[in-house]
Amino acid sequence: MSESERVSGEGAEPKEIAEFRLEVRAWMEANRPPDPGFKLPQSFLEVESERQLDFLRAWQRKVYDAGYLGLDWPAEVGGRGDPAKRQRIVGQELARARAPFLVNAIGLQWAGPTILVYGTDAQKKRMLRPILSAEEIWCQGFSEPGAGSDLASATTRAEKQEDGSYRVTGHKVWTTLAHAAKWMILLARTDPSAGKYEGLSFFLFPMDVPGVTVQPLVKMTGEGGFNQVIFDNAPMPADALLGREGQGWDVALTTLLFERGAAEGSGGGQATASGESVRALVSVAQRARRETGFAADDPVFRDRIAQLWIEEEALRLSALRARVPELNADRPQALRLMNKLVYSEYNQRLSELACEMLGPDATLWLGDPCAVDRAEWPRAYMNSFGMTIGGGTSEILRNVIGERVLGLPKTR
Amino acid sequence: MSESERVSGEGAEPKEIAEFRLEVRAWMEANRPPDPGFKLPQSFLEVESERQLDFLRAWQRKVYDAGYLGLDWPAEVGGRGDPAKRQRIVGQELARARAPFLVNAIGLQWAGPTILVYGTDAQKKRMLRPILSAEEIWCQGFSEPGAGSDLASATTRAEKQEDGSYRVTGHKVWTTLAHAAKWMILLARTDPSAGKYEGLSFFLFPMDVPGVTVQPLVKMTGEGGFNQVIFDNAPMPADALLGREGQGWDVALTTLLFERGAAEGSGGGQATASGESVRALVSVAQRARRETGFAADDPVFRDRIAQLWIEEEALRLSALRARVPELNADRPQALRLMNKLVYSEYNQRLSELACEMLGPDATLWLGDPCAVDRAEWPRAYMNSFGMTIGGGTSEILRNVIGERVLGLPKTR
Amino acid sequence: MTRIPTNFGFTEEHEMLRQEARRLFAERCPISEVRRLADDALGFDPGLWKELGSLGWAGLATGEQYGGAGLGFLPLALLLEEMGRRLVPSPYLASLLASFAIDAGGSSTQRARWLPEIASGTRIGTLALYEPAGGFEAENVRATAEPAEGGFVLRGQKRFVLAGASADCLVVPCREPSGEVSLFVVDLPARGVTVQGEIGVDPTRRTARVALDGVHVACEARLDGSGAAALERTHARGFVALAAEMVGAADAALVMTRDYAIARKQFGRQIGFFQAVKHPIVDVMIGVELARNHVLGAAAAFDHTPHAAEIPARMAKALASDVFATAVRKGVQLHGGYGFTIDCDMHLYFKRALWSRATLGDGPHHRRRLAAALLDRDAAVAV
Amino acid sequence: MTRIPTNFGFTEEHEMLRQEARRLFAERCPISEVRRLADDALGFDPGLWKELGSLGWAGLATGEQYGGAGLGFLPLALLLEEMGRRLVPSPYLASLLASFAIDAGGSSTQRARWLPEIASGTRIGTLALYEPAGGFEAENVRATAEPAEGGFVLRGQKRFVLAGASADCLVVPCREPSGEVSLFVVDLPARGVTVQGEIGVDPTRRTARVALDGVHVACEARLDGSGAAALERTHARGFVALAAEMVGAADAALVMTRDYAIARKQFGRQIGFFQAVKHPIVDVMIGVELARNHVLGAAAAFDHTPHAAEIPARMAKALASDVFATAVRKGVQLHGGYGFTIDCDMHLYFKRALWSRATLGDGPHHRRRLAAALLDRDAAVAV
């Protein structure tokens, strides 16, 4: 088998699917945008500038217009009502083509699918199409300074007014894309007298109202892309409510399942084509000079690279196996709940290993003319913590898996 | 430097100490007993038979008679009142000479030192000398079926009688050497109405009274050496009490400090001469056949062996550094409290690595004519769990260190 | 592009087999039975062995033309996982290796001669994997086959021969004067063959030393195909068969530890409350599930893309070896003092893990080959 | 038998120095100052540098006959640990490497010429460690020194030169036509030397690319001793100097994480209650203490058994590299979202760890040499 075949995404496919894949692949090849001439972010978590945003919106729009987004969403909201499988194929081919990522990821992967589950018809009609077209960017307002892992402790208040509308006061943090967002999925407390979980509600909050202050935060890489958002009596219409009042925690858990890759239905597939990362690692190993030659010739590094390859392949196989219920009979939720945990830690070890192999060359930073791959690897290693912390820290996810999948007693 | 020098125990020593070391070394060389012709246990945790016991008692007696035990115990109880350093040297030279271990380890290392701290003059006079001479073997009655890591939950009851004596009823487990012991250090509840900690007392219990049943337990290696002990209204005199009634938990914590190597004053040094283990591992690596030759030539195993060497040396240096208070100013307790944890896990990884390198050869067991080193390595790997579990599991010790050394909140 | 089916080729028939296997082994091989057989001279239950034969499971993957069920590798992997879960002491794996070898190296005549009896369970086969000098690959073979009147004379020492003392038929790699390795099938007992049971760390798995001291075999006893190639194919299948068993056993060790963490209380709480107990259990579960992915993937590869199965097979054995080792290491540790005794069943899994990791290549062994396939242009392994 | 003193040769004088250093850096280099200097063009505080000179610390280990304090390596290690703790941006380590090299390679005349000014802090020295082709050992040197009238002409490229843009004096290894490597001392600025600051991941540590484009130096600029031998001795001291700094910095990262685990509450508890937070912090502490043991042991070895110091030195750098990497990995992770921002000081330690691990050999690099010393009879390393 050639290298390109070895790292491909899927098992043997029915003819129609294989044809669809080839069609997408050809389109990507023909339409992938050229290098814009300025630094692009590594993922949607690091979008800083207007020009980055414009470029990425235009690209997502192009993919949508070509008919490759929202494939598994209903036609009446802008989708195509196809099986989820086709959307996954688009995601895989996007990654394979090394095309830019889809910038409205929070809308496509978390907000949209949640609205599809809990939204009224009016909400679906209004919200979903602009998610696909990237006309309206979404952000997520779950975490607070005092409620990071313990999301249910959120204290941001949504106070109901006489006319049924709400006023929001509070403080959200780690709000990726808030600076660009038209909408926020917001977890807020509507009933402070109710229990910790029962007092929460879930809203589709319009960011362009008065009383909203977005302050950029800077990541350890020096990059922006996430923010804190301060609400000072900000107004929100009655129909911003998603689901029922007091149902917020349940709705948020659904969102978290999408966020952790534990449920299907994202409008645009995640960029997780298999083989991509280890292939990049191999390229680093072949260029990384060690005392004994190149890292690719050093048995100690070879052993670690092989281990990562094994894990990457195991993750790829998870995607196949997750769709055969009988092969998950003993622990139906396991593969889905562990996906984000395993991937994020694998990814962290992989990017750290790349830095290790590169040695001093990995200590050069963005802007240095000799930096290897524009300092991609130390940057990727630092950014990898975004994934092991955000969307449920690895520590919290181990609790979740232990409790929900294995029935171990709750640690709290 | 030659190999034998590289693995030696101590730093440069004052002349008198160096002379003492040479004297001990010469004595060991001349007096080390020959192979008895039957299987000896790997440590005092695995003593099974009468003949093993007799052989080992005789050896300890010989060491004591030569003046090399109890060096740092007072002369009036059978010791010599020397500095602790000399006793350590004996321990190191015992290990260096590959002499048999000292069988009355619980007496020498845990019971004796505790009696020295808390005992009355009468108790010291009565108990200590026969510990040194191995005339009276000791065992430890702390753990219970329901109180393993949570020792303070002990429910074994010591009920005070009108004449001031006690009656003991209860169940102790993992009681090493109980089958051979004349005495037990016993943690028992004297006041069930008092608090969990306050209701405990500490006793020097005579094993040869009615109402005591010793049932051997068998380890996963198939070896014996530890037991459960069932007390059915067993009598115990008033002067069996060590310390005050209700002071048992404090006394037991002192014992645990000795047990975990966190305090000095043991009557006979532990067999932890540095270099011994990695040296043995190297010998395995040089004989272990791998696909590419010997494990000693395989860079992946070489890397792991070197890592263990680094850790072994770090442990050796701990022993030196622990005695310079200024070099421990920031965390005075750290080195001592972490010693058992680090050593036991290092030892477990080392013995597992030996098994890995040996491959199929490590799957042959005691009695097979082709078993490498009489199956020492799989046996050592299995026995290594005795140390990561007994005397405070690794998990509990991490709590203890986190709480006592780092001031982290208690996990309970 | 060469790909396995997206559902691994899994069918309802496979599911029925899996359930049936789980039921049967739960009933016929509870841990009390494993303990009984651990002390038994023979080391397995001939009744259960016979039943596996009559269920058609001894020849599950063997072609129908040779008396097998011809169901392929995937159901075999599912069956082996269930056997591993119960640590079923059985010559099953031994016989499987023999049938793989005869299938890979034999002419159709030779297959027809030996496979049906093995597939029916009438005869127990085995493959001589190791020699005293170590290694199981063709290049490690030092036993010799000298041409002699009407056949060959075999000489050499073999070790760690699975079920060696029970086998009726031994497939043995020997080196011919040309330097080539060939596979010979020796019906046992045979003059010149001495079988001596080994005393192994794992009492649920019996192995033997086999001495070949001038063993005369007929020409037809030499399998027609290249011995080296046949061995390679056999080994790859062996990696996955053993990995499947290991995944089942690791899963059982995990469940046992999980159950103990729920049942056992300390400090007034179930110990599974404590993350120092909970998180290692979760990590073991994750490892077991990932290793299971590889077993399924590799099994499907043998069924659908056999020319590209070596890499998945090595991945399965490498990961299963590490995961099983961790599962039992944590298993003993988290059971505390009890886990360290022979009363706790964990030690049986612990010993099986030691044996299984060491046999047919461990993590470092297979990762070395995988790295070559990934990193070296001129890798010998087909990727 | 060659042994270090049982107390590492530690004295009251060392203790006073340690306390004084801790006090001084706490006062003069709080984290706000580190942040200021991270954005500063020069990258360090010349006032503090001058003060180190006047305290005699720039020449702490330099012999008294060359203007140093002659206190030996142990107090130097203690001082560097305190600098690491505060991430003190300083050309100290650079100048130290230069003085090690001149001390190791220079004749007494050469030492007398350069060491006093470095020891007094009047001039900043540095050593050119790397070249574009990688590696810092003598065999990696490709820069050349051609004999020319009255001296030599140096040509080549050097990278990752510590404090390169601030240095007054550069020790540079070059290869002579004979193939031997020699060390040359170049007073800066010099014609033909171009220094270009690198943009590094660690803003508290400045490095530079240095181009030698036909640099004329006098005969006396070539250090008399064997360049390879001098480099080896210099590197070994460099391993421990850097390891000492790393241990201090790792300890600070540990303490910061510990403090956060006590201050931060989630689920109604201090997060340090949770073993998933507590136990990794404990493991980092254990690693830091073990690495500190090796730094002390190696420092004592330079002072008392210098012929047997290479192994302890490599152990110190190997362990410190891994421990510091773990300390900051856990440090960021356990600080949660905050730890991932530039507002949290952890990122400064994280970046220092990346730089420090990569420089002067990481864990695998040194373990490879250690394994050779332990396992190979004909090891090049003196054990």
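Note that the structure is predicted; figures quoted are calculated from it, not measured. We name chains A, B, ... by the order of the sequence lines, and we start the count at 1 in each one.
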Query raised in the report: Within the side chain of A:Glu395, is there an N or O that forms a donor-acceptor pair under 3.5 Å with the backbone of D:Ala276?
Result: no
Query raised in the report: So which part of D:Pro203 gets closer than 4.5 Å to some heavy atom of chain A, the side chain, the backbone, both or neither?
Result: neither
**Report entry** D:Val332 to A:Ile389 - nearest heavy-atom pair and separation
**Finding:** O-CD1, 3.7 Å
Query - Heavy-atom pairs under 4.5 Å with chain D, option from A:Gly386, A:Pro378, A:Ser153 with the top count - result: A:Gly386
Query raised in the report: Around atom NZ of A:Lys39, are there more than 12 heavy atoms of other residues, nucleotides or ligands at under 6.0 Å?
Result: yes
Requested in this report: Tell me, out of A:Gly390, A:Gly146, A:Gly367, who's got the most heavy-atom pairs with chain D below 4.5 Å.
Outcome: A:Gly146
**Report entry** D:Glu198 side chain vs A:Pro369 backbone, donor-acceptor pair below 3.5 Å
**Finding:** no
Query raised in the report: When rounded to the nearest 0.5 angstrom, what distance separates CG in D:Leu354 from CD in A:Glu352?
Result: 7.5 Å
**Report entry** D:Lys330 atom NZ: more than 12 heavy-atom contacts under 6.0 Å
**Finding:** no
Query - Which portion of D:Ile271 sits near chain A, non-hydrogen atoms under 4.5 angstrom - result: neither
Report summary line: To the nearest 0.5 Å, atom CD of A:Glu356 lies from atom NE2 of D:His365 at 14.0 Å
Requested in this report: Answer with side chain, backbone, both or neither: which region of A:Leu217 has an atom nearer than 4.5 Å to a non-hydrogen atom of chain D?
Outcome: side chain
Report summary line: Honestly, the part of A:Leu358 sitting under 4.5 Å from a heavy atom of chain D is neither
Query raised in the report: Which bit of D:Tyr130 is near chain A, if near means a heavy-atom gap under 4.5 Å: side chain, backbone, both or neither?
Result: side chain
Query - Residues, nucleotides or ligands: over 12 heavy atoms within 6.0 Å of D:Arg35 CZ - result: yes
Requested in this report: Take A:Trp365 and D:Asp202, measure what side-chain contact (heavy atoms from CB on, under 4.5 Å) needs, and give me the verdict at the end.
Outcome: CA-CA 8 Å; A:Trp365 192 237; D:Asp202 177 5; over 6 Å; no
Report task. Sort out for me which of D:Gln266, D:Gln196, D:Met346 touches chain A most, counting heavy-atom pairs under 4.5 Å. Result -> D:Gln266
Report task. Verify side-chain contact (heavy atoms from CB on, under 4.5 Å) between D:Arg329 and A:Thr388, making sure each step is shown before the conclusion. Result -> CA-CA 11 Å; D:Arg329 193 189 308 111; A:Thr388 57; over 6 Å; no
**Report entry** Proximal component of D:Arg264, with respect to chain A [non-hydrogen, under 4.5 Å]
**Finding:** side chain
Query - chain D contact via A:Ser143 - side chain, backbone, both or neither, heavy atoms under 4.5 Å - result: neither
**Report entry** Greatest number of heavy atom pairs closer than 4.5 Å to chain D - which of A:Gly359, A:Pro360, A:Ser149
**Finding:** A:Pro360
Query raised in the report: In Å, rounded to the nearest 0.5 Å, how long is the span from OG1 of D:Thr207 to CG of A:Leu364?
Result: 6.5 Å
Query - CG/D:Asp259: more than 12 non-hydrogen atoms of other groups inside 6.0 Å - result: yes
Report task. Working to the nearest 0.5 Å, report the span between CG of A:Leu151 and CZ of D:Phe267. Result -> 7.5 Å
Report summary line: Applying a strict 4.5 Å limit to non-hydrogen atoms, the region of D:Gln275 in contact with chain A is neither
Query raised in the report: In Å and rounded to the nearest 0.5 Å, what is the CG to CE distance from D:Asp362 to A:Met357?
Result: 11.5 Å
Report task. Among the options A:Glu223, A:Arg398, A:Met220, pick out the one with the most heavy-atom pairs lying under 4.5 Å from chain D. Result -> A:Met220
Report task. Identify which part of D:Tyr338 has an atom lying under 4.5 Å from any heavy atom of chain A, answering side chain, backbone, both or neither. Result -> both
**Report entry** Rounded distance (nearest 0.5 Å) linking atom OG1 of D:Thr341 with atom NZ of A:Lys219
**Finding:** 10.5 Å
Requested in this report: Between chain A and each of D:His335, D:Arg159, D:Arg209, D:Arg205, count heavy-atom pairs under 4.5 Å; write down the option with the most.
Outcome: D:Arg209
Report task. Dump the intermediate steps for side-chain contact (heavy atoms from CB on, under 4.5 Å) on A:Met382 and D:Lys351, then the final yes or no. Result -> CA-CA 9 Å; A:Met382 292 184 209; D:Lys351 292 165 182 173; 3.9 Å; yes
**Report entry** Worked verdict on A:Phe226 versus D:Phe340 for side-chain contact (heavy atoms from CB on, under 4.5 Å)
**Finding:** CA-CA 11 Å; A:Phe226 71 160; D:Phe340 185 56; 4.0 Å; yes
Requested in this report: State, to 0.1 Å, how close A:Leu366 and D:Ile199 come at their nearest heavy-atom pair, and which atoms those are.
Outcome: O-CG2, 3.6 Å
Query raised in the report: A:Arg290 versus D:Arg368: any side-chain heavy-atom pair under 4.5 Å?
Result: no
